[in-house]
Colleague: 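Take this structure first; my questions come after.
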Amino acid sequence: MTRVFSGVQPTGHLTLGNYLGAMRRWAAVDQHRADSLFCVVDLHALTMDHDPARLRRLSRQTTTLLLASGLDPDVCTVFLQSHVDEHTRLSYLLECVATDGEMRRMIQYKEKAAKERDRGGSVRLSLLTYPVLMAADILAYGADEVPVGEDQAQHVELTRDLAVRFNQRYGHTFVVPRVTLPGVAARVMNLQEPARKMGKSDESGAGVVYLLDEPDAIRKKVMRAVTDSGREVEYDREGRPGVANLLEILAACTGGSPQALAGAYESYGALKKDTAEAVVEVLRPVQARHRELCADPAYVEGVLRDGAQKARAMARPTVDAAYRAIGLLPSVERTELMDVR
Ligand code: AQP
């Protein structure tokens, strides 16, 4: 059976981008057709300046939202990255096959490091090495597919490179995974700055629809979306990125295609109105389920406890095999060696 792995970072409140680009597909499709693991990758949240209390809150909220979006712990595995030591065990081995040059080429590293430097902060070493930890997240489970938004595709490419290199040097150990992207809304853009990705760590939040935004807040944000001075509704990602973004969001929410939807509108106002309502409707059941789950924190804790147990059992054999392949003596063999002497 195909195995799927994906994750989400508890670095802020989850956005419509996270939902349309990744989470919705995990719940609607992946968990039912594959042996799937979905992970709140909390260690990745330590790569930038962070507040420990906020991280704890966001880790709980992110887990609750994954469940609210439809992940069913009876058919998939939901867990926290820091609960399974195999991720960091494997990450070090992969650091020994990755190169400094390929880490520095990662777009997210360049962007986030530049932002941190502009703020006068210092760049954590873990920001540079985090794609290797992400590779370990994926390879530890022998995942065949990694369903992500477009912004994570480069990191999955790196994961493939590291798996191939490790296998060539030390013998076949890892499945080489492939990225899967959604057909539409693979990169939802910021409503105020359509050249920029809608991200959860955006400072103002004006162009970001959060999954827990009230319906009126969603309507306001969509109605104020930056478009352009033209009048005709055309799907042109390069020339009219703001309108194209709205069309993609509408298409992702209603199931149409952005090109076909463009022909159905004569004004930006009407497009914005329908997009706002479509987003409100898509998020309504997620928000309702989130409220129910918040009233039952013991259930969410139980999901994480069981998920970690299942995940550990899946990851351990592969990570142990990697340790052996690279030349490290497993502790059992070490005892046997001493007996022989
Ligand atoms: N705008 C987006 N459009 C489509 N997909 C997106 N994803 C994120 N933003 C969009 C996808 O959501 C999944 C989880 O994302 P993540 O938390 O691992 O990574 P991120 O969103 O890049 O988060 P950061 O780095 O904490 O902060 P921001 O958001 O501020 O950059 C992934 O599959 C991702 O592709």
Side-chain angles (χ1 to χ4, degrees), residues 8 12-30 65-71 147-151 181-200 202 204-228 230-237 239-292:
V8 57
H13 298 289
L14 297 189
T15 73
L16 185 66
N18 296 124
Y19 186 69
L20 296 180
M23 293 160 66
R24 191 172 66 151
R25 204 163 35 118
W26 301 346
V29 183
D30 294 317
L65 275 167
L66 284 181
L67 298 172
S69 73
L71 291 189
V148 288
E150 214 171 73
D151 63 320
L181 298 172
V184 71
R187 186 184 284 265
V188 177
M189 309 308 276
N190 186 297
L191 297 172
Q192 287 299 311
E193 291 174 68
R196 229 160 36 90
K197 183 190 90 165
M198 184 182 281
K200 59 176 117 65
D202 186 84
S204 99
V208 180
V209 173
Y210 297 102
L211 297 191
L212 295 178
D213 273 348
E214 293 291 336
D216 277 346
I218 295 174
R219 290 187 185 102
K220 258 189 210 140
K221 286 177 181 177
V222 176
M223 292 309 291
R224 286 181 190 159
V226 167
T227 46
D228 54 54
R231 282 164 157 246
E232 287 187 10
V233 180
E234 275 175 353
Y235 180 64
D236 173 4
R237 273 188 106 174
R240 299 185 173 192
V243 175
N245 192 34
L246 291 172
L247 286 165
E248 289 208 15
I249 293 172
L250 180 62
C253 293
T254 59
S257 88
Q259 290 85 349
L261 284 167
Y265 287 93
E266 289 185 354
S267 76
Y268 292 169
L271 171 64
K272 286 181 177 178
K273 196 160 171 295
D274 283 3
T275 305
E277 291 313 318
V279 173
V280 168
E281 286 315 310
V282 157
L283 295 186
R284 193 186 297 283
V286 178
Q287 296 185 348
R289 182 75 184 123
H290 178 262
R291 276 193 294 275
E292 285 169 15

Colleague: Do you know which two heavy atoms are closest between Y210 and H13, and how far apart they sit?
Modeller: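 So the minimum-distance heavy-atom pair works out to CD2-O, 3.4 Å.
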Colleague: Closest approach of C253 and A278, non-hydrogen atoms and distance?
Modeller: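 Heavy atoms of C253 and A278 come nearest at CB-CB, 3.8 Å.
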Colleague: Can you check whether L246 reaches V233 side chain to side chain, under 4.5 Å on heavy atoms?
Modeller: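 Side chain of L246 against side chain of V233, heavy atoms only: no contact under 4.5 Å found.
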Colleague: Evaluate the criterion side-chain contact (heavy atoms from CB on, under 4.5 Å) for residue pair V188 and T15; output intermediate values, then yes/no.
Modeller: CA-CA 10 Å; V188 177; T15 73; over 6 Å; no
Colleague: Sub-3.5 Å donor-acceptor pair from the side chain of N245 to the main-chain atoms of G242, do we have one?
Modeller: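 No; judged by distance alone, with no hydrogens or angles, the pair does not exist.
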Colleague: Between atom CG of L283 and atom CG of D213, what is the distance when rounded to the nearest 0.5 Å?
Modeller: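 Rounded to the nearest 0.5 Å, the CG-CG separation comes out at 8.5 Å.
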Colleague: If I compare all heavy atoms of L250 with all of Y265, which pair ends up nearest, and what's the gap?
Modeller: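 So the two residues come closest at CD2-OH, 3.6 Å.
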Colleague: Dump the intermediate steps for side-chain contact (heavy atoms from CB on, under 4.5 Å) on E248 and M189, then the final yes or no.
Modeller: CA-CA 10 Å; E248 289 208 15; M189 309 308 276; over 6 Å; no
Colleague: Quick one, V209 with I249, criterion side-chain contact (heavy atoms from CB on, under 4.5 Å). Give me CA distance, side-chain angles, the key distance, then yes/no.
Modeller: CA-CA 11 Å; V209 173; I249 293 172; over 6 Å; no
Colleague: At their closest point, which heavy atom of V184 faces which heavy atom of A251, and how far apart are they?
Modeller: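 Minimum heavy-atom contact is CG2-CB, 4.1 Å.
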Colleague: Answer yes or no: are there more than 12 heavy-atom neighbours, outside E214 itself, under 6.0 Å from its atom CD?
Modeller: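 No, not enclosed.
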Colleague: Apply salt bridge (Lys or Arg N to Asp or Glu O under 4.0 Å) to E232 and list each qualifying residue two or more places apart in sequence or on a separate chain.
Modeller: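 With sequence neighbours excluded, E232 shows a salt bridge (Lys or Arg N to Asp or Glu O under 4.0 Å) to no residue whatsoever.
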Colleague: Kindly write out the residues that satisfy salt bridge (Lys or Arg N to Asp or Glu O under 4.0 Å) with E292, not counting sequence neighbours, or none if the list is empty.
Modeller: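 Expected list: R289.
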Colleague: Taking side chain as C-beta onward, heavy atoms only, is Q192 less than 4.5 Å from D202?
Modeller: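 No, side chains not in contact.
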Colleague: For P182, which residues count as a side-chain contact (heavy atoms from CB on, under 4.5 Å) partner, sequence neighbours excluded?
Modeller: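 Residues passing side-chain contact (heavy atoms from CB on, under 4.5 Å) with P182: R25, A186.
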Colleague: Return the CZ to CG distance between R196 and L191, rounded to the nearest 0.5 Å.
Modeller: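 Nearest 0.5 Å value for the CZ-CG distance: 11.0 Å.
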Colleague: Between Q287 and L211 (side chain of the first, backbone of the second, donor and acceptor by atom type, cut-off under 3.5 Å), is there such a pair?
Modeller: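 Confirmed, Q287 side chain pairs with L211 backbone.
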Colleague: Side chains of V208 and K200, heavy atoms from C-beta outward: is any pair under 4.5 Å?
Modeller: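 No; the side chains remain at least 4.5 Å from each other.
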Colleague: Just by modelled atom types, is the P147 backbone N or O under 3.5 Å from a matching donor or acceptor in the W26 side chain?
Modeller: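 Looks like yes, one N/O pair under 3.5 Å.
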Colleague: Applying the side chain to side chain contact (heavy atoms under 4.5 Å, CB included) test to L16, which of M198, R24, K221 qualifies?
Modeller: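 That would be M198; it is the only one of M198, R24, K221 passing the side chain to side chain contact (heavy atoms under 4.5 Å, CB included) with L16.
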Colleague: Could you tell me which residues satisfy salt bridge (Lys or Arg N to Asp or Glu O under 4.0 Å) with D151, sequence neighbours excluded, listed by chain and number?
Modeller: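 For D151 the salt bridge (Lys or Arg N to Asp or Glu O under 4.0 Å) partners, ignoring immediate neighbours, are K197.
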Colleague: For residues 276-288, pull every pair meeting salt bridge (Lys or Arg N to Asp or Glu O under 4.0 Å), keeping only residues two or more places apart or in separate chains.
Modeller: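 Every salt bridge (Lys or Arg N to Asp or Glu O under 4.0 Å) pair that includes a residue of residues 276-288, provided the two are not neighbours, is R219-E277, E281-R284.
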Colleague: If you count heavy atoms of other groups shown closer than 6.0 angstrom to CZ of R224, is the number above 12?
Modeller: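 Open.
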Colleague: Using the side-chain contact (heavy atoms from CB on, under 4.5 Å) criterion, which residues pair with V286? Sequence neighbours excluded.
Modeller: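 Partners of V286 under the side-chain contact (heavy atoms from CB on, under 4.5 Å) test: Y19, L65, A68.
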